[in-house]
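Take a look at the structure below.
All ligand and atom numbering here is 1-based and tracks the order in the structure.
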Amino acid sequence: MKKQKEHQEKKRVVILGSTGSIGRQAVEICAHYQDRLEVVGLSAHSNAELLASQAAFLNVKNTALTTKDGPQALVELALSHEPDIVLNALVGAAGVQVSYEVIKTQTTLALANKESLVVAGELIMPYVESNQLLPVDSEHAALFQCLVGEDVKEVANLWITASGGPFRARKRQDLTKVTQAQALAHPNWSMGAKISIDSATLMNKGLEIIEAHHIFAIPYSNIKVVQHPQSCIHSLVEFVDGSFMAHLGVTDMRIPIQYALSYPKRWPAAFSPASLDLCELGSLDFHAPDSETFGCLRLAREAGEAGGTLPCVLNAANEVAVDAFLDGRIGFLDIERIVESCLTSHSRQDASSLELILEADAETRLKADELCAKLKKGG
Ligand code: NDP
Ligand code: MG
């Protein structure tokens, strides 16, 4: 009886993408809070060894390896074990369908996979119930916390902070020959390869504008980006009365991951040091972002504003181009060229179904692959 009561009090958690940067940190938090969280499902794509050791460590019986079991296994894993919360820590558009299905079943979704909302925000958001979607992306987790108890109608602007990435303050001519290793070396955050490159091109900030638009239902014209190299303020909300609310903290993703898992409560940090030394920090800097040098930021905003299938095209072209850059097939600035070219040649359609969106995604990947091959041939 006691056992059953304990079981009922624990939150049942599924972690999708448990072998990734976010996933591994989530596993760490769940291991620390085994008295409050029970992991009932784990998924990985290629890293079978780590998946097996995580499952043994947390005593999880249900796992999926998507290279072997296929993408449909994700939806089954996410929904078959009566979870209280599903953490989507997959990378890329591979996370879209499962976000959509989880939301439709009224299950709480802790969302790291920003691509879900970039690609299919127009389809997913109408199904989202109050506090069903808990953002894990640090800026959105910050905005979410600044808005607890507030009325979004009283928001004047959302201010998303950007570190500027490893190439902050560089000009376009300085970016022609940058290497993968330089682009992967983020000054403030340690993250997976794809988001690290997105941070270097500022595409990540562009994706985050679109993500914020969907989560908080704020028009694009009221979503601003401010460069803040210390990454101490994770984002700010400006209200109609002129007040600003900011969220500050150390640059450690375990804070927003844990908050999504503990919500609506706060638990002591499962790690240390979790607190910020303001005196050591001394001062904070802010600048306007340079969207001339970092064209992906502009492209993402434009695609978001146009809506329909365009954000999906933006995302698919970017995923292919980032892969090609990481493989050494194209240069850093080619990422932006490929995304722009795919957006220009695409005829926008309304995002009327997931099938239609996934079709636009597949078509764009073919097109972007061709462009990568041409660029490689051209040298
Ligand atoms: P990683 O690349 O580190 O991890 C990705 C995870 O997804 C791994 O478990 C990987 O499995 C799995 N995966 C990869 N491809 C597929 C696929 N085609 N189908 C199913 N599963 C797949 O990514 P991150 O943890 O860095 O990022 C995850 C998400 O969180 C992204 O959307 C990112 O933008 C967002 N995010 C990440 C932050 C960070 O600090 N890392 C910060 C804010 C947001 P395997 O390793 O087994 O191949
Ligand atoms: Mg972020």
Side-chain angles (χ1 to χ4, degrees), residues 14-28 41-55 63-75 77-78 87-99 109-119 134-144 160-165 184 186 188-199 201-212 215 225 228 231 233-235 247 249-257 260 315-316 318-320 322-323 326 361 365:
V14 172
I15 305 174
L16 304 175
S18 62
T19 48
S21 162
I22 294 286
R24 278 179 274 124
Q25 296 177 82
V27 165
E28 203 184 308
L42 294 169
S43 95
H45 189 57
S46 58
N47 197 341
E49 209 175 305
L50 180 56
L51 179 68
S53 76
Q54 289 176 332
T63 60
L65 189 69
T66 38
T67 38
K68 185 165 104 344
D69 305 333
Q72 190 51 34
L74 282 176
V75 178
L77 178 79
L87 169 63
N88 184 346
L90 304 170
V91 64
V96 173
Q97 182 158 8
V98 67
S99 286
L109 178 66
L111 188 65
N113 180 260
K114 62 190 86 186
E115 294 90 345
S116 288
L117 293 182
V118 171
V119 172
L134 303 173
V136 170
D137 207 353
S138 60
E139 296 76 4
H140 305 74
L143 294 168
F144 183 87
I160 300 179
T161 51
S163 69
L184 283 168
H186 196 278
N188 304 352
W189 298 93
S190 156
M191 310 179 285
K194 194 251 173 187
I195 184 175
S196 296
I197 302 302
D198 287 348
S199 300
T201 58
L202 292 204
M203 177 59 93
N204 183 50
K205 224 31 68 178
L207 301 179
E208 289 181 354
I209 293 174
I210 302 174
E211 184 186 9
I215 296 177
V225 172
H228 164 46
S231 295
I233 296 185
H234 296 144
S235 277
H247 177 285
V250 291
T251 50
D252 192 319
M253 284 307 294
R254 287 174 294 188
I255 298 178
I257 297 168
N315 178 70
N318 181 56
E319 283 188 34
V320 171
V322 167
D323 267 351
L326 284 169
D361 175 277
R365 282 171 200 269

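Taking each heavy atom of Gln97 and Val75 in turn, the nearest pair found is CG-CG2, 4.5 Å.
Protein N, O or S atom count below 2.8 Å of the Mg ion (ligand 2): the structure gives 3.
Ordered by chain and residue number, the residues placing a heavy atom less than 4.0 Å from ligand 1 are Gly17, Ser18, Thr19, Gly20, Ser21, Ile22, Ala44, His45, Ser46, Asn47, Thr66, Ala89, Leu90, Val91, Ala94, Ala112, Asn113, Lys114, Glu115, Asp137, Met191, Gly192, Ile195, Met253.
Listed for the Ser138 side chain is no donor-acceptor partner under 3.5 Å among the backbone atoms of His234. The backbone N or O of Leu42 lies less than 3.5 Å from no partner atom in the side chain of Thr63, so there is not a single donor-acceptor pair.
Residues Val14 and Leu87 fail the side-chain proximity criterion, which asks for heavy atoms closer than 4.5 Å. Residues Ser18 and Leu51 have side chains in contact (heavy-atom distance under 4.5 Å, counting atoms from C-beta outward). A heavy-atom distance below 4.5 Å is found between the side chains of Ser231 and Trp189. Between Pro135 and Leu111 the shortest side-chain heavy-atom distance does not fall below 4.5 Å.
With 3.5 Å as the limit, one finds no donor-acceptor pair spanning the side chains of Asn47 and Thr19.
Just one residue in the list Thr66, Ile22, Leu74 forms a side chain to side chain contact (heavy atoms under 4.5 Å, CB included) with Leu90, and that residue is Leu74.
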